[in-house]
**Q** 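First the structure, which I've put down as structure tokens, then a few questions once you've had a look.
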There are 2 protein chains.
Amino acid sequence: MKSSNNVRENILSTAADLFYKQGYNSTGINQIIDEADIARGSLYNHFKSKNELFYAYLEEINERWFEQLYSYIKKIKHPKDRILGLFDFRIKRQTQSSFGGCPFIKANAEVPQDDKKAFEIIDKNKMKFRDYILELLNDITLQNDLFTKEELADTIYMLAEGATVTASFQKSKEMIGRAKDIVDRLI
Amino acid sequence: MKSSNNVRENILSTAADLFYKQGYNSTGINQIIDEADIARGSLYNHFKSKNELFYAYLEEINERWFEQLYSYIKKIKHPKDRILGLFDFRIKRQTQSSFGGCPFIKANAEVPQDDKKAFEIIDKNKMKFRDYILELLNDITLQNDLFTKEELADTIYMLAEGATVTASFQKSKEMIGRAKDIVDRLI
DNA sequence: TAATAGATAGACAAATCTGTCTAAATTTTA
DNA sequence: TAAAATTTAGACAGATTTGTCTATCTATTA
């Protein structure tokens with residue numbers, strides 16, 4: 001009934017919502033076409049299988065994630081506050097999703113061990129985040145020489161990931177806040 | 001055909017293996033009873049549903065995980081080396097499982113948002129790990145006063161979690177090794 | 001030895017899953 | 001306006017899912 005002029009986008013955004021909230025294996029094709037309000041044939045016209053839709057989902061949220069990140073950090077002027085802002089960004093996203101966790105870590109858990117393509121997309125996202133942290137670090141002057149900037153980038157990256165995954169089962173932003181305070185002392 | 005004198009243990013260990021390797025939603029009751037080589041009725045005699053089996057699985061691996069951890073750390077004499085040994089322990093487990101990731105983080109990703117019981121068991125495991133790190137820290141003298149021992153426990157915990165989840169999609173122990181080197185400098 | 005409890009194989013229900021296909025309606029392009 | 005491409009609803013196949021139930025067999029216990 002809906003006259004959507006971009007069926008593909010409709011499918012992708014509906015699938016993204018469901019894959020994130022329910023997980024890949026708990027989301028059926030039937031639910032996707034029902035909620036997107038499109039025909040079964042249309043889905044298979046744009047995506048040759050549920051698995052291909054999953055890859056498209058991963059690529060899609062990867063792009064959206066960095067769009068949101070850059071937009072958020074752009075508003076912050078002071079270089080050191082930008083680093084700390086990374087944690088506020090994670091807190092914001094986790095709060096908005098009721099602590100549903102990082103979508104890439106969630107997806108990672110459902111990927112079969114031999115699906116190299118999926119692991120590559122996830123790795124691409126995470127290493128791009130780590131490299132972005134390094135970029136931000138290059139704009140500040142360190143107070144001590146305990147760590148190189150490369151090491152600090154790894155540290156901040158791992159703290160952010162460890163904190164976010166913890167927030168997802170504690171259903172609380174507490175640990176991300178602690179990670180932020182720790183980083184505040186490190187840089 | 002198998003004359004197992006403890007059917008429950010057989011079911012639980014078989015389910016544990018499959019839940020970890022394939023994930024909860026990708027593992028069917030049929031596969032569990034086939035591989036455990038027991039009757040369908042026996043499974044439902046010991047566990048009233050697949051979900052109850054999942055809870056039992058979480059409790060089971062929680063106990064086994066700390067058994068293995070304590071056994072591993074016990075062999076290390078020097079207090080600081082015990083902290084660093086935590087990372088070697090994670091490396092060992094990840095290498096042995098072909099980088100299948102932390103079973104609790106994997107399970108966490110498949111838990112529906114309203115399943116409080118599952119999140120509680122996962123949290124119990126992770127916070128017990130964090131508290132154990134604090135215990136180990138209480139046996140050493142810090143080289144600097146940048147962080148309290150509580151803060152260091154959080155830091156080491158998050159580094160370990162962030163590193164392990166990264167190892168699981170990179171299929172490499174590299175990041176856990178980096179986390180270890182960083183902690184070596186922090187304590 | 002007899003009674004009880006547990007394990008077995010397997011049928012069965014009812015729902016769900018992914019993917020294919022048809023035929024008609026609609027939209028886009030030429 | 002006509003042709004081509006896309007979308008639609010829905011049937012369908014074939015496999016799979018969890019959970020229940022029956023009837024037989026085996027092992028333990030009293």
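Each chain gets a letter, A, B and so on, in the order its sequence line appears, and its residues count up from 1. All values below were derived from every heavy atom in this structure, side-chain atoms included, with hydrogens, water molecules and symmetry-related copies excluded. Values in this document were obtained by computation on a predicted structure and should not be read as measured data.
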**Q** Is it true that, when you exclude Glu9(A) itself, more than 12 heavy atoms of the residues, nucleotides or ligands shown sit nearer than 6.0 Å to its CD?
**A**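 Check fails, neighbour count at 12 or below.
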
**Q** Whole angstroms only, please: what is the CD-C1' distance between Gln31(B) and dG19(D)?
**A**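 Spelled out: CD on Gln31(B) to C1' on dG19(D) is 18 Å.
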
**Q** When you match Asn25(A) and Gly41(A) each to their closest nucleotide on DNA chain C, which lands nearer the 5' end?
**A**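 Its nearest nucleotide being more 5', the pick is Asn25(A).
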
**Q** Rounded off to whole Å, could you give me the CD1-to-C1' distance for the Ile32(A) and dC17(C) pair?
**A**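 In whole Å, dC17(C) C1' lies 12 Å from Ile32(A) CD1.
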
**Q** Starting at CD of Gln22(B) and ending at C1' of dT16(D), how long is that distance when rounded to a whole Å?
**A**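 Whole-Å distance recorded here is 14 Å.
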
**Q** How close do Ala160(B) and Arg90(B) get, heavy atom to heavy atom, and via which atoms?
**A**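 Reported closest heavy-atom pair: CB-NH1, 4.2 Å.
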
**Q** Hey, does the side chain of Asn30(B) come within less than 4.0 Å of dT16(D)'s phosphate (OP1/OP2), counting only N and O?
**A**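 Checking dT16(D) against Asn30(B), no side-chain N or O comes under 4.0 Å of OP1 or OP2.
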
**Q** I want to check one thing: is the phosphate of dT8(C), taken as OP1 and OP2, less than 4.0 Å away from some side-chain N or O of Ser42(B)?
**A**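 Checking Ser42(B) against dT8(C): at least one side-chain N or O falls below 4.0 Å of OP1 or OP2.
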
**Q** Under 3.5 Å, sequence neighbours excluded: what are the donor-acceptor pairs made by side chains of residues 135-145 of chain A?
**A**
| from | atom 1 | to | atom 2 | distance (Å) |
| --- | --- | --- | --- | --- |
| Asn138(A) | ND2 | Leu134(A) | O | 3.4 |
| Asn144(A) | OD1 | Leu146(A) | N | 3.1 |

**Q** Under a 4.0 Å threshold between the charged nitrogen and the carboxylate oxygen, would Glu174(B) count as salt-bridged to Arg178(B)?
**A**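 Yes.
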
**Q** Respond yes when some side-chain nitrogen or oxygen of His46(A) is under 4.0 Å from OP1 or OP2 of dT6(D), and no when none is.
**A**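 No, no such contact exists.
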
**Q** Distance check: side-chain N/O of Asn45(B) vs OP1/OP2 of dA7(C), anything under 4.0 Å?
**A**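 Looking at the OP1 and OP2 atoms of dA7(C), one of them is under 4.0 Å from a side-chain N or O of Asn45(B).
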
**Q** Between atom CD1 in Ile38(A) and atom C1' in dT26(C), what is the gap in whole Å?
**A**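 For the pair Ile38(A) CD1 and dT26(C) C1', the rounded distance is 16 Å.
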
**Q** Please report, rounded to the nearest Å, how far the P atom of dT22(D) is from the OH atom of Tyr44(B).
**A**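 Rounded to whole Å, this separation is 17 Å.
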
**Q** Do Arg40(B) side-chain and dT20(D) base share a donor-acceptor contact under 3.5 Å?
**A**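 For Arg40(B), whose side chain was compared with the base of dT20(D), there is a donor-acceptor pair (under 3.5 Å).
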
**Q** Between Tyr57(B) and Tyr20(B), is the ring-ring contact (aromatic ring centres under 6.0 Å, His included) condition met? List the steps.
**A** CA-CA 10 Å; Tyr57(B) 157 71; Tyr20(B) 176 63; 8.2 Å; no

**Q** Testing Phe129(A), Tyr70(A), Tyr132(A) for ring pair (Phe, Tyr, Trp, His ring centres under 6.0 Å) with Trp65(A), which one passes?
**A**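 Result: among Phe129(A), Tyr70(A), Tyr132(A), Phe129(A) is the only option passing the ring pair (Phe, Tyr, Trp, His ring centres under 6.0 Å) with Trp65(A).
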
**Q** Atom CG of Asn6(A) to atom P of dT27(C): distance rounded to whole Å?
**A**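 In whole Å, dT27(C) P lies 16 Å from Asn6(A) CG.
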
**Q** A quick test of your reading: do over 12 heavy atoms of other residues, nucleotides or ligands sit less than 6.0 Å from NZ of Lys173(A)?
**A**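 Not more than 12 within 6.0 Å, no.
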
**Q** Looking at every strand, decide which applies to Ser26(B) at a 4.0 Å heavy-atom threshold: base, sugar-phosphate, or nothing.
**A**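 Nothing: the residue Ser26(B), judged by heavy atoms under 4.0 Å, touches no strand.
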
**Q** Could you tell me the separation between the CG atom of Leu43(A) and the P atom of dG10(D), rounded to a whole number of Å?
**A**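 After rounding, the gap between these two atoms is 17 Å.
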
**Q** Quick one, which residues of residues 47-59 of chain A touch DNA chain C with a heavy atom under 4.0 Å?
**A**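 Heavy-atom contacts with DNA chain C come from Ser49(A), Lys50(A).
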
**Q** Take atom CG of Asn10(B) and atom C1' of dT8(C), then tell me their distance rounded to the nearest Å.
**A**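 The answer, rounded to whole Å, is 14 Å.
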
